[in-house]
Every structure is written in C-alpha cells, then in structure tokens.
Amino acid sequence: MDNVREEVQESAVKRIGVLTSGGDAPGMNAAIRSVVRSAFRRGIECVGIRRGWAGLISGDIFPMTSGDVSRIINRGGTVLYTARSEEFRTEAGLEKAAATCKLLGLDGVVAIGGDGTFRGARALSAYGVSVVGIPGTIDNDIVCTDYTIGFDTAANTAVECIDRLRDTMQSHERCAVVEVMGRHAGYLALHVGVAVGATAVLVPEHPYDFQAHVAEKIRRARLGGKTNFIIVAAEGAVSAFTVGEQIRTELGLDPRVTILGHIQRGGAPTVKDRVMATRMGYEAVRVLAEGRTNRVICAAGESIIDRDITEGLAMRKTLNPEEFKVMTVMTGT
Ligand code: F6P
C-alpha cells in the first residue's frame, strides 16, 4: 500500500484508456475491472474505449469509475465490446486514434487482446501514445507469455462438453470427432485432449496424416478392448468433417462430428482466469504509471513480468514438448 502511494505521487500519468480487441475471452472483464481499480488507487482517471481500436478512432469512450466495474469479475465476454478494425491498420486510422488520445488527454492505453491487438498497440506507440498490452485469447498462442487470459476457462468448457459426449459415445460404442478452436495453434486441443483421455489429438503444428494420427490410434485402442473413441481436432489442423468421413470410409465406423465453436469463448471465467486477469491488469497500470510504453504484460512461470512488445512478438512459441510427448504416449504411439 505504501509503495502504491509513493508511485501515485511520482506518476505524471493522469488519465488512461482501456479497450478489448480481437476475439473475446473469459476473464477480459476481470482485467478491465483490475485496470480501472488499479488506476483509481493511484489517482489515475480511467476511460473505457468501446469496440477496440475502432472506438479509439471514432472517439467512442466513456469515463469508468470503480463502481462501474462492480460485479463484472465473474462475467464472460467483455463489457467494452470488441472488434477487429481494418482502418486501424492504415496510417490514417492510426493518426485518428492518436488524435483522439491527444484531444482527450489520454496519457496511455491498456489494450487487452491477442497478438493482432499488440501489433496495433506497437503501431500506435510510434505516434507517441503510451501503450501496454494484456494477453487475452483462448488460444494461448501469444509467443512471449506462458499464459493468456481465457485459456483455462475455454479448456474447462471444452472438457465438460466432451465428457458429456463420452457418455453417449460409450453407450452406443461410437466414435466422436470433436473440433475445438485454434485456427493457428494447437494448445487448446492438446490440453483438452490430454484432459479427456482422447484417442487421438490433431494440432496445426503437425501436418495431418490420417493413417498415423487417427487410423492407427483407433486400431490400437480397439485391439486394447475399447469400443468408443474420442478424436480431438484443432480447427486449424483439419476439418472434423473430413476426419469423420475418412473414419467412415476407411475404418467402417459410424462416427459423430461435433464442432464446439464459440461455446468455448463464453461463460464465467475460472478462478485461474480471474486471478491472472486481475494480476495482469494491476501490472499494466503500474507500467503505464511508471511512464513506460510499448510493453506487454506476460506470465513467466508463477510471476507476472513485462516485456518490450517488439521483442515479445519476435519470440517463438512451440507446443509444450513434454505435454505433447505425454499425449503421444497416452494415445498409444
Ligand atoms: O479467439 C481466437 C479464436 O478463437 C480462434 O481460435 C478462432 O479461429 C477465431 O478466434 C474465430 O474468431 P471469430 O469467429 O470471432 O472470427
């Protein structure tokens, strides 16, 4: 508390904005709440920016007080709405956004979203606006952070749905092909696949091979006595319908295909997402209050740190090799 008071006195930052951009993720509201309340504790005014970068371009903003963020820590989605802005990718769009910041006296902006959001933040910082990013996406695919807000909730939602599917697959001795989100990344599919005890897990990081990744695993499971099978596919690996068709024609089974889709993006955030979002929101405000810019808040093991956005975006992230190995052992190869 004393530390916070000291920083209040030192900080030249008087007003900041907060926005959510890109695909929403459970826990974004908890992050917004944390930003508003952390700012308030430092004597910094906070304004909400609606619809991501588009709202900064059009000046769609409103003051947010501590009371305005009551009872949102447990709500899915984002009270600030979210959008993807093509205009913000242009020089004219960036200039308009920077002009809004100047007009409204915004000393900084906290942008909650995925790597597209951070690329936008970096571009805006070149126009003299202080920016800090908070990673929020169910894909957990942001290279510089071990964790992104929303992943745990989405994984738990997918697991709950697949556990239900398992019941009926077991009764009918069937095969389920379940598509989970992850256009470019297999973190969610891998995590969920391990958690449900999937027969096979398909991720975009490994080129799809029906015989090796599906047929052989179903055969082995069948030889081991199993009569129901769960195949978890990330949407970016292969279409679940393609896999289902191949299982039908090549293995003679009668599979059922389920696309979990946007169900995975909704719902009340888990404890992990609420806590991570709250910690990250606090750090984002601290970084801005210290007069720093072009930073992204990252989970590094059990700690929350900040990195330079440009350096963060240049880092490489691969699927956790240990988790992938465990999955291959559990699925019989
Ligand atoms: O939030 C990330 C993500 O869930 C991807 O896995 C998915 O491909 C994409 O968003 C779909 O988002 P939208 O339907 O909003 O374009």
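Every heavy atom of this structure was used, including side-chain atoms; hydrogens, water molecules and symmetry mates were not. Numbering of ligands and ligand atoms starts at 1, following listing order.
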Nearest-neighbour protein heavy atom for atom 4 (O) of ligand 1, which is reported as residue plus atom name and distance: M181 SD, 2.9 Å
Quick check: does G182 get an N/O under 3.5 Å from an N/O on ligand 1? yes
Between the side chains of R286 and E290, is the shortest nitrogen-to-carboxylate-oxygen separation below 4.0 Å, so that they form an ion pair? yes
Residues K14 and D107 bridged, charged N to O under 4.0 Å: no
I'd like to know if the side chain of R37 pairs up with that of S70 as donor and acceptor (distance under 3.5 Å, no hydrogens or angles considered). yes
Aromatic Y81 / basic R51 pairing, under 6.0 angstrom, 45° off normal: yes
Shortest heavy-atom approach to atom 11 (C) of ligand 1 - which of Q264, E235, R183: R183
Please state whether R84 comes within less than 4.0 angstrom of ligand 1, counting heavy atoms only. yes
To which protein heavy atom is atom 5 (C) of ligand 1 closest, and what is the distance rounded to 0.1 Å? D139 OD2, 3.3 Å
NZ/NE/NH1/NH2 to OD/OE distance under 4.0 Å, K272 and D152: no
Among all protein heavy atoms, pick the one closest to atom 12 (O) of ligand 1 and tell me residue, atom and distance. R265 NH1, 2.9 Å
Atom 14 (O) of ligand 1 - nearest protein heavy atom and its distance: H262 NE2, 2.7 Å
Would you indicate whether R292, at its atom CZ, is surrounded by more than 12 heavy atoms from other residues, nucleotides or ligands within a distance under 6.0 Å? yes
